[in-house]
Amino acid sequence: MNKIKIVICLGSSCYPRGNNHILEVIKKYLNDNRLKEEVDFTGQLCTGNCSQGPVLHINDKVYKEINEEIVIRLLDELFVGIKK
């Protein structure tokens, strides 16, 4: 099975605008639902969408202006039926 790829922008625009918190939300979600083995979760310094941050990539799809509520909804949709 291919791992789901999640890349969070940790650049100087996205990180202080919310991805510092979103990083912890995603780590907790993956840990709480025992999904770490299903995901390749990495950070990237800049994705080139600074004015639309915070930015998150999931399987090459870009999500802009994210917040905790949006991220939890995206993860719930992504892992429906997989969460443990």
Side-chain angles (χ1 to χ4, degrees):
M1 179 172 125
N2 291 335
K3 287 189 173 191
I4 293 166
K5 185 173 181 176
I6 300 175
V7 180
I8 188 168
C9 181
L10 301 175
S12 61
S13 180
C14 287
Y15 190 76
R17 288 173 64 191
N19 271 356
N20 55 341
H21 176 66
I22 297 301
L23 173 66
E24 298 306 317
V25 168
I26 294 171
K27 286 173 21 179
K28 181 177 181 344
Y29 185 97
L30 296 176
N31 187 55
D32 289 352
N33 292 287
R34 298 184 208 135
L35 293 166
K36 289 197 268 185
E37 296 300 317
E38 312 293 329
V39 176
D40 178 16
F41 181 42
T42 59
Q44 183 175 329
L45 283 183
C46 184
T47 62
N49 296 291
C50 300
S51 65
Q52 297 170 315
V55 176
L56 183 71
H57 295 249
I58 300 177
N59 290 333
D60 298 322
K61 183 167 183 186
V62 180
Y63 296 92
K64 302 170 184 170
E65 298 178 354
I66 60 167
N67 59 38
E68 181 174 351
E69 182 180 312
I70 292 169
V71 168
I72 295 295
R73 181 178 46 82
L74 289 170
L75 294 172
D76 281 345
E77 291 172 5
L78 187 63
F79 294 109
V80 68
I82 299 175
K83 291 192 293 184
K84 299 176 181 173

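Predicted model only: the values in this text are computed from it and were never measured. The first residue in the sequence is number 1, and the count goes up from there. Atom set for the values below is all heavy atoms of this structure, side chains included, hydrogens, waters and symmetry mates excluded.
Lys64 has its side chain within reach of Val62: a pair of non-hydrogen atoms, C-beta onward, lies under 4.5 Å apart. Side-chain contact between Val39 and Lys3: absent, with no pair of heavy atoms (C-beta onward) separated by less than 4.5 Å. Side-chain contact between Tyr29 and Ile72 is present, with heavy atoms from C-beta onward closer than 4.5 Å. Within the 4.5 Å cutoff, the side chain of Ile4 has no heavy atoms near those of the Asp40 side chain. Residues Val71 and Leu75 meet the side-chain proximity criterion, which asks for heavy atoms closer than 4.5 Å.
Listed by chain and number, the residues in a side-chain hydrogen bond (donor to acceptor under 3.5 Å, both in side chains) with Lys28 are Asp32 (sequence neighbours excluded). Partners of Asn20 according to the side-chain contact (heavy atoms from CB on, under 4.5 Å) rule, which considers only residues two or more places apart in sequence or in another chain, are Tyr15.
Residue-environment remark: CD (Glu37) stays at or below the threshold of 12 foreign heavy atoms within 6.0 Å. Shown here is Asp60, whose CG atom has no more than 12 heavy atoms of other residues, nucleotides or ligands within 6.0 Å.
Minimum interatomic distance between Glu65 and Ile70 (heavy atoms only, all atoms of both residues): O-CD1, 3.8 Å.
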- Message: Between Phe79 and Asn33, is the side chain to side chain contact (heavy atoms under 4.5 Å, CB included) condition met? List the steps.
- Response: CA-CA 9 Å; Phe79 294 109; Asn33 292 287; over 6 Å; no
Considering only distance and modelled atom types, tabulate donor-acceptor pairs under 3.5 Å from the side chains of residues 5-14, sequence neighbours left out.
{"unit_1": "Ser13", "atom_1": "OG", "unit_2": "Arg17", "atom_2": "NH1", "d": "3.2"}
{"unit_1": "Ser13", "atom_1": "OG", "unit_2": "Cys50", "atom_2": "O", "d": "3.3"}

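One finds the CZ atom of Phe41 at 11.5 Å from the NZ atom of Lys36 (value rounded to the nearest 0.5 Å). Here the CG-CD distance, from Asn31 to Glu24, works out to 11.0 Å after rounding to the nearest 0.5 Å.
Between the side chain of Asn67 and the backbone N or O of Glu69 there is at least one donor-acceptor pair closer than 3.5 Å. Distance alone, capped at 3.5 Å, is enough to place a donor-acceptor pair between the Asn19 side chain and the Val55 backbone.
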